[in-house]
Amino acid sequence: MKKFLSLMLALIMVLCAVPALADVAADIEAGQAMTHEELVEKALAESGTFVAYGTTSRIKKAAAAFSEKYGIPQNSNNMKDIDIYDKIANENVDMVMIQDGAQLLGAIEHGILANFVPASVKDSISEHDQYPLAHQFTNKVFIYNVLGDDVPAIRNVWELTDPAMKDRIIFKKPTDEQVNMNFLVMLTSPEWSARLEEAYKEWKGENIDLGSYKTAGHKWIAEFLPNCVFGKSDTNIAEEISQETAEGKIGLFVLSKLRSSSVYAENLMPAQYAASAEGYEIKPFAGFMYPIYNMISTNANRPYTAMLFIEYLMSEEGFSFWSDSIGAYSGNSAIPEKEGDLPLSVWKDTLVVEDPEYILEYGLDVEDFVGPYLQ
Amino acid sequence: MEQTQTGKIHLSRLKGRARAWFSKPANIILLFFLVTLTVLTLYPLLSMLTETFTVHLGREERATKLSIGAFTTYHFQRVFATSANDYSWIQFYKPLLNTLAVSVTSSVFAILFGGVVAFLVTRTNLKYKKFVSAVFTFPYIMPSWTLALFWETFFKNVNIGLKTSNGIMASVFGVFMPEWFVYGFFPISLVLGLHYAPFAYILIGGILRNMDANLEEAATILKTNRSRIIWKITLPIVKPAMLSTFLLVFASSMSAYSVPVFLGSPVRYYVLSTSMKSLMNSYKGQAYIIVAVMILFGVAILMLSQKVTNSRKQFTTVTGKSGQISKINLGKANVPIAIILVIVLLLVAIVPLVTFALESVIIKAGDYSLSNMTLDFWIGTGLEKRLDQGDSTGILLNPVVWRALGTSLALAITCAVIAGTSGILVGYGVAKRRGSRLSNWVNSLSFFPYLMPSLAFGAIYLAMASKISWLHGFLLMALAGSVKYLPFASRSGVNAMLQLSGEIEEAALITGVPWWKRMLRVIFPIQKSSFLSGYLLPMVSCMRELSLFVLLVPTSDTILTTMLMQYSEKGWAQFGNAINLLIIIVVLLVNFTVNKLTGASIDKGVGG
Amino acid sequence: MPEIILKNVAKRFGKFVAVENLNLNIESNAFITLLGPSGCGKTTTLRMIAGLETPTEGRITIDGKVVFDADEGINLPPNKRDVGFLFQNYALWPHMTVYQNIAFGLENLKWDKNRIRTRVNELLKMLKIEQFEKRYPSELSGGQQQRVAIARTLAPGPKVLFMDEPLSNLDAKLRMEMRTELKRLHRDTDSTFVYVTHDQLEAMTLSTRVCIMETGVLQQYAPPLEMYNNPANLFVADFMGNPTMNFIDGHIKADGSIEFGGIKAKFAPTSGSQPGDMDVVVGIRPEYIHIDEEGAMQGTVYSTLPSGMETTVKLDVNGTTLTAVVFGDVDYDVDSQVSFSFHKAAVIFEKATGKNVAKGKLIV
């Protein structure tokens, strides 16, 4: 009995022992200055399976191709950002592709994730997108159904606050996906509030009366959300709005969903496409945009492989898994958008891009403010 | 000198007692499970409770201005007492009211529907009984989202919800159902009630079948009319079964997530589980408080039902000569009742399957013409080029799907073996030491995992596993699944053991048969079908489990259900429907095969 | 005073025949026992009279009122037949107290509260269960439950009382006691009792008439002592009496000379006529074989079972075993030789049919 107990104890101790963390930060420091060849050499010297998780499903294809190219065994998966953080907290992960910059900043601050900019592509990435490193941008834009007599071809977002738009706008519940909430938070920033005020004046022909609202952003949110119906997922929203029976409906969802074969893309029109074609502007924005960041996990077993993979993803070859369709824009300015789509620069001008610092600072208040309008 | 002498005697007597205590296998088993279950259920619960006082990464840090891991009461303040922007009302109180309404309604509905059908099948000469009892457990065998998904695709129309498209009811039959019927409180309660009605059917039917019909006849002779017999005799006697059903359905409905999401979100009808899920993203502490509240409600109902059933009005189900009881003649009502029942069952059990099959072959939603149909999603190749969507091959040609199916089966079998065997052992220990405190403790502990919402259970297990380096992937999932489904196995184990007279084992004991041989050769064969049912139910549940495993899978294509979830999140509806159908078919096949080969059935697993 | 008449009653479950062509006339105030081995159809018969089971054919009349007639499509439900029924397992409602159990039937009759109270008290007292009034059935012993069940059945004062093996779940001592009480009850309540049992002793001791059945067919319907002394056939003879009757194969000639088990004798009928030349079975009750020195026949003592009041002796007579009962506390040495003689009557059954052909004296 005694023997059994001591054996069990020993076993438990062995099993609970946590492997010592390698000093990933130092490796990244060194890696920033390395050439491609040096990175390859270091990466190949590492052992174990390379683990990468991402909020985009195509990470699996990219990682598989990368693995084949360098002969490195990999395990990659697509999951939600919140689940990725859970995974990092509980197991060794090398590299992640993650959204929601605000959360990410916190993770970097706590040394959970680390930023890395490959030397080989550094010059073609704008300063702003280098920290944290934006691999690509995803845009959720206003897209409407073109059928029927009452096509909501909006030119001003205040049109969406009209009581006549009640139940005609389909959006994803902001609390279901943080980037949607971030978009709303950004609207309360001085910059976007000012632009919303301006747009209001243009729409109504008079100055905005804020009433009890703190900013024009608050007012817009408070009048926009009650007109929305919340869909399950962006794909589902795209499918539903593209139906012949969905005339008069407009949605705010991921542009790339237009490529799905289950979507009747011919029934849909992104508001900004119409604007660009006919030469007008959507006042003051045509949707929003957020980066998907490439990050190295500080509990990585293969930090150099992670760096090499990031370098790969930032290259044209690595981005090819996304570049075949509209709605994906590389952080590497040398890589052009998909033919037929608008260039990233145009989108950057007309979409609300998330500012992690601002969101971290003011996000909580706005989220509380949004709550009642989701009921 | 004398003192040491007595001391020695005392000690040796103690030793002797301990040895006697440990020489009984039942004691060792109970002790083992007391320790194991404490570690596997109470420890996660405690660690979850500490999370409710802890600051987590991200927004919680900003809000509390404290660092990660610090102690805080912020979460409690937010959940229970923040009136600004109606925060607590929106996040907690209103969803709580909705949850209670849904849970109570679905429980009542399940009891009514399951109970009435159980009565019809056991006590009347209803026609098509065989079909009814064969199909009635289908809704439980199928994943719960199945019915919700079906409900929406069948009844949705352009006047309600997203107001974008028409389901089969509107487009084919031209019937536009009102919003309350398709979304919100009513359909959520109804679908959950339908899903769990088999519990009522099995538990109430079990009592009705075993109930001494003389009890009713005695009342008839004493000039009691039919309705008074049902109210005063039959109902009070099946009351314990109704209470057990209430407990099971209430706890399950409370933690149900996919059904309220499918049928509630479009009309902004939120319940605790949806609130918990969205808080889980950024406010873990608050999410765990909501989980704790759900568990609290479950425990309260458990205690209530124990109190009621443990009273003096003990319900002995001595079977008299009920075997020769003539069934109630439904007369002219027989055929209409039977037909209505068959139609309802077809609607909830068969039509969804047909719908999934149909949805898995059409290319664009809503167009059911032959030109819009293809078998590509099942057996096609090179789909990337042709369909620009989803995987490159149909699911039956996709090795990943087959691997996931294999893993799902392996996982289900592993969980079933562990949970089932533990259930038998727990049943043995509990029955042998019936009435002792140790036995009561183990019995309650083994039921406890049932009251934990799957999603939270998975989250807690993931956190627990992070401290143990080898515990991840398949092992972790198997462990979580085994513990989560132990309640089913232990229930049937305890029931089976209680039915077995102690003398049967004692007869073997006298002749010196060792314990393991007594279990294997004597006890197991006698209650074989009950025990095997204790294996079957965890297996079936495991096959179709999603929320529990969603956080624990190494990759989303590890098992079929997470793969399905990923597909439907991506909007690869046809692949999703195909996999859903595949899951249901496999589960039905497993259920059917095990049933035919061994006589085990879901019924016995629930303890009927 | 109700009289129950069964005419050509039959009950079939599919191909299985539970009761076949049963004719029975139960006089008012009788205490009738339906007796037979398990599966003989006695419970089914009882349940058919009570209305708990629907006969396939026939006609049942209670107190002049037709309660069932297959041809006319009459089938009164049990609650319209004014009967009481005592179940084998008592069928007490577990969720009601003793008081509630007894009062339930009276509430159905819309009695007022005070009247119910009085009646229940009367029954509680009569059956000596006053102190259990507030208890639940699970808190009572088998005997107490039995009394509650009787009280509940008697409460509305039924004129016909059916009992389905009501004593079979009690221990021997309690059973004896309850028998006495049931017989007394029959007298006090002035009603007709129909009682089902497989215990011949119960049937013998309790009833005014016994109806003995085998595989759904009535064998004999007679007062118990008559049935004992003059059984209609081998089955009845074998079923009634303990220890059972001696049956010895033999042959009788028309002149009354009979040979059985190596014994030659002369048969003188006391009832019925002298049977003709045929193979027979001779039935002799054990107590009619007397062991005494003057006995004309000899046998070897095979075994003895003395009980104090009487001793059962097994004798070996030319290879045939005979059972004898000797009254008083006597015993015999095993393997000793004894003489014995036949007294009173023997019954002659026709070997081929098992039918009772004559009853009479055997003169050796």
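Throughout, a chain's letter reflects where its sequence line sits, starting with A, and its residues are numbered from 1.
- For the atom pair B/L162 CG and A/K232 NZ, the distance stands at 7.5 Å (nearest 0.5 Å).
- Contact annotation for A/S325: neither backbone nor side-chain heavy atoms come within less than 4.5 Å of a heavy atom of chain B.
- Atom OG1 of residue A/T175 and atom NZ of residue B/K277 lie 11.0 Å apart, to the nearest 0.5 angstrom.
- When the candidates B/L57, B/V550, B/T82 are compared by the number of heavy-atom contacts under 4.5 Å with chain A, B/L57 comes out ahead.
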Would you tabulate the side-chain donor-acceptor contacts of residues 245-252 of chain A under 3.5 Å, counting partners in other chains and residues two or more places apart, or write 'none'?
residue : atom : partner : partner atom : Å
A/T245  : OG1  : B/T164  : O            : 2.6
A/K249  : NZ   : B/K163  : O            : 3.0

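- With a threshold of 4.5 angstrom between heavy atoms, A/Q375 approaches chain B through its backbone and through its side chain.
- The part of A/N75 that comes within reach of chain B is its side chain, from C-beta onward, which places non-hydrogen atoms under 4.5 angstrom from that chain.
- Under a cut-off of 6.0 angstrom, the local environment of NZ in A/K166 is crowded, with over 12 non-hydrogen atoms contributed by other residues, nucleotides or ligands.
- For chain A, no part of B/M464 is nearby; none of its heavy atoms comes within less than 4.5 Å.
- Remark: B/R62 CZ to A/L105 CG distance equals 8.0 Å, nearest 0.5 Å.
- Looking only at side-chain heavy atoms (C-beta outward), A/Y85 and B/H56 stay at 4.5 Å or farther from each other.
- Per-residue heavy-atom pair counts under 4.5 Å with chain B were compared for A/P372, A/G231, A/G106, and the maximum is reached by A/P372.
- Identified by a heavy-atom distance below 4.5 Å to chain A, the contributing residues of residues 264-271 of chain B are B/S265, B/P266, B/R268, B/Y270, in residue-number order.
- To the nearest 0.5 Å, the span separating CD on A/E367 from CG on B/N85 amounts to 11.5 Å.
- In this structure, the portion of A/I359 lying under 4.5 Å from any heavy atom of chain B is its side chain and not its backbone.
- Neither the backbone nor the side chain of B/I160 comes within contact range of chain A; no heavy atoms are under 4.5 Å apart.
- Only the side chain of A/D100 comes within contact range of chain B, judged by heavy atoms closer than 4.5 Å.
- Contacts between A/V51 and chain B at a heavy-atom distance below 4.5 Å are absent for every atom of the residue.
- Neither the backbone nor the side chain of A/F171 comes within contact range of chain B; no heavy atoms are under 4.5 Å apart.
- The CD1 atom of B/I68 sits 3.5 Å away from atom NE2 of A/H110, with the distance rounded to the nearest 0.5 Å.
- With a 4.5 angstrom heavy-atom cutoff, A/L360 touches chain B via backbone and side-chain atoms both.
- Only the side chain of B/E152 comes within less than 4.5 Å of a heavy atom in chain A; its backbone stays farther off.
- For A/A102, the part lying near chain B is the side chain, with the backbone staying farther off; criterion is any non-hydrogen pair under 4.5 Å.
- The choice from B/D86, B/V158, B/L462 that makes the most heavy-atom pairs within less than 4.5 Å of chain A is B/L462.
- When the shell of 6.0 Å around OH of A/Y373 is examined, it contains more than 12 heavy atoms from other residues, nucleotides or ligands.
- Considering every non-hydrogen atom in both A/K87 and B/L552, the closest pair reads NZ-O, 4.1 Å.
- Atom CG of A/D176 and atom OG1 of B/T274 lie 9.0 Å apart (nearest 0.5 Å).
- Heavy-atom distances place no part of B/Q91 under 4.5 Å from chain A, backbone and side chain included.
- Each of A/Q243, A/E240, A/E244 was scored for a side-chain hydrogen bond (donor to acceptor under 3.5 Å, both in side chains) with B/S165, with one residue passing: A/E240.
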